[in-house]
There are 2 protein chains.
Amino acid sequence: MRLEHNKHSDAREQLLVAAQALFAEAGVAATTPRQVLERSGIGQGSLYHHFPSKRDLARAAVERTAQEQLQVAERGFIGDQPPRERIRAYLLRDRDALAGCRIGRLTSDQAVMSDASLLEPVEGYFSGLIDLLGGALEESGIPRDRAQDRAAAIVSVVQGGYVLARATGDPERMRSAVRGMAELLERQQHDQ
Amino acid sequence: MRLEHNKHSDAREQLLVAAQALFAEAGVAATTPRQVLERSGIGQGSLYHHFPSKRDLARAAVERTAQEQLQVAERGFIGDQPPRERIRAYLLRDRDALAGCRIGRLTSDQAVMSDASLLEPVEGYFSGLIDLLGGALEESGIPRDRAQDRAAAIVSVVQGGYVLARATGDPERMRSAVRGMAELLERQQHDQ
DNA sequence: GTCTATAGAAAGATAGAC
DNA sequence: GTCTATCTTTCTATAGAC
């Protein structure tokens, strides 16, 4: 691996970026190699040189997107706010509701669900998220088991919020759902 | 429309049932007419006789599945239990977590999201669900706006629970999420 | 209403020159 | 490493006989 290459100018990198964007928009199964070529401006020969099959391209793109998205969540957690505030901030973060979750939507994607190597980063993303939220909940004094359940519920409200927003075409539906959850959590502060 | 036909023996009906099952398993876009033929045992000529295009078949199948699934939820709400119990029962109902929601998963389906007539039943399903839960919450004394938000949160936890279960391959993840939500709701009983 | 045969387009992938 | 041309398979749909 040569140093001093600007990776963003490599054909491989451009293919990857285009694939990530297309997978976010339409999913893996519904994205064709041809679309990746058109979006990236790279030629067919290069695609199959760098990625012997669509599966290989998908693996690289999904892995990277999962890491990126987990990092986004983690960055919101390195602050010095109290755990309840960090959780609240995660829940109420501004999201592109109608776009859906780049990772969560892959659980309805045939290409992903039928390929363990594509599903693995998806699992890693959600395990990471739940660990992050579960840890904060424990910090705030909630016993481990209950913290795990509550973390799963919080992550689920966000995922389900995306579903509601897309189903109704209304981003407000997602905001309504996370607001409902935030309100429930807030009330917990009174009686622990 | 002639009476006294056993609809379940008609080719049209068998095609519809096969399509519903396949759409539940793989989604609309990923299901081919050929698969519907094989599953139903009906011939190609009959398919295109009853449904001029895949889109027409999808419309009929999705509409019916959405109605069926909403009825399942409604049946759980006609009992004479107090509203909090009905909500709790909805949340903790036994579900095939790894299969995903037949309707919710369609929000990641290209064929559905790009066709208003396919999306409409999906929207109807979720609007119906939220109305059902929101009504019960209002009955239990929660003001309208807050009841809507909380209903959206409850529906979202279920939808997100499916996502978590499929992402991790573990149905327990969904149970954990709904348990976390049920526990939060239970605690609300103490201070309103 | 149902059948078999087939059309036309797009999918994923390969070949072989440069 | 990249290009253009091409192959094979599968998809959605139609044709036309019965």
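In the text below, chain A, chain B and the rest are named by the order of the sequence lines, each starting its count at 1. Given the structure is predicted, the values throughout are model-derived calculations rather than measurements.
Comparing B:V28 and A:S46 against DNA chain D, the residue whose closest nucleotide sits nearer the 5' end is A:S46. Toward the 5′ end of DNA chain C lies the nearest nucleotide of B:I42, the other residue of the pair A:P33 and B:I42 mapping further downstream.
For the pair A:Q35 CD and C:dA11 P, the interatomic distance rounds to 7 Å; values are reported in whole Å. Between A:H49 atom NE2 and C:dA13 atom P there is a gap of 17 Å when expressed in whole angstrom units. When the P atom of C:dA11 is taken as reference, atom NZ of A:K54 falls 9 Å away, rounded to whole Å. Taking atom CD of residue B:Q44 and atom P of nucleotide D:dC11, one finds them 11 Å apart after rounding to whole Å. Rounded to an integer number of Å, the gap from B:L37 CG to D:dC11 P is 11 Å. Between the CZ atom of B:R55 and the C1' atom of D:dC11 there is a distance of 18 Å, rounded to whole Å. When the P atom of C:dA11 is taken as reference, atom CD of A:E38 falls 9 Å away, rounded to whole Å. Across the protein-nucleic acid pair, B:R12 atom CZ and C:dT2 atom C1' stand 16 Å apart, rounded to whole Å.
For the pairing with B:E25, the side-chain hydrogen bond (donor to acceptor under 3.5 Å, both in side chains) check across B:Q35, B:R102, B:R39 returns one residue only, B:R39.
Between B:A99 and B:R166, the shortest heavy-atom contact is O-NH1, 3.2 Å.
Residue A:H50 places at least one side-chain N or O closer than 4.0 Å to OP1 or OP2 of D:dT2. Not one side-chain nitrogen or oxygen of A:S53 sits closer than 4.0 Å to the OP1 or OP2 atom of C:dG12.
A donor-acceptor distance shorter than 3.5 angstrom exists from the side chain of A:S140 to the backbone of A:L137, with no hydrogens or angles considered.
Under the 6.0 Å distance and 45° angle rule, B:R95 counts as a cation-pi partner of B:Y90.
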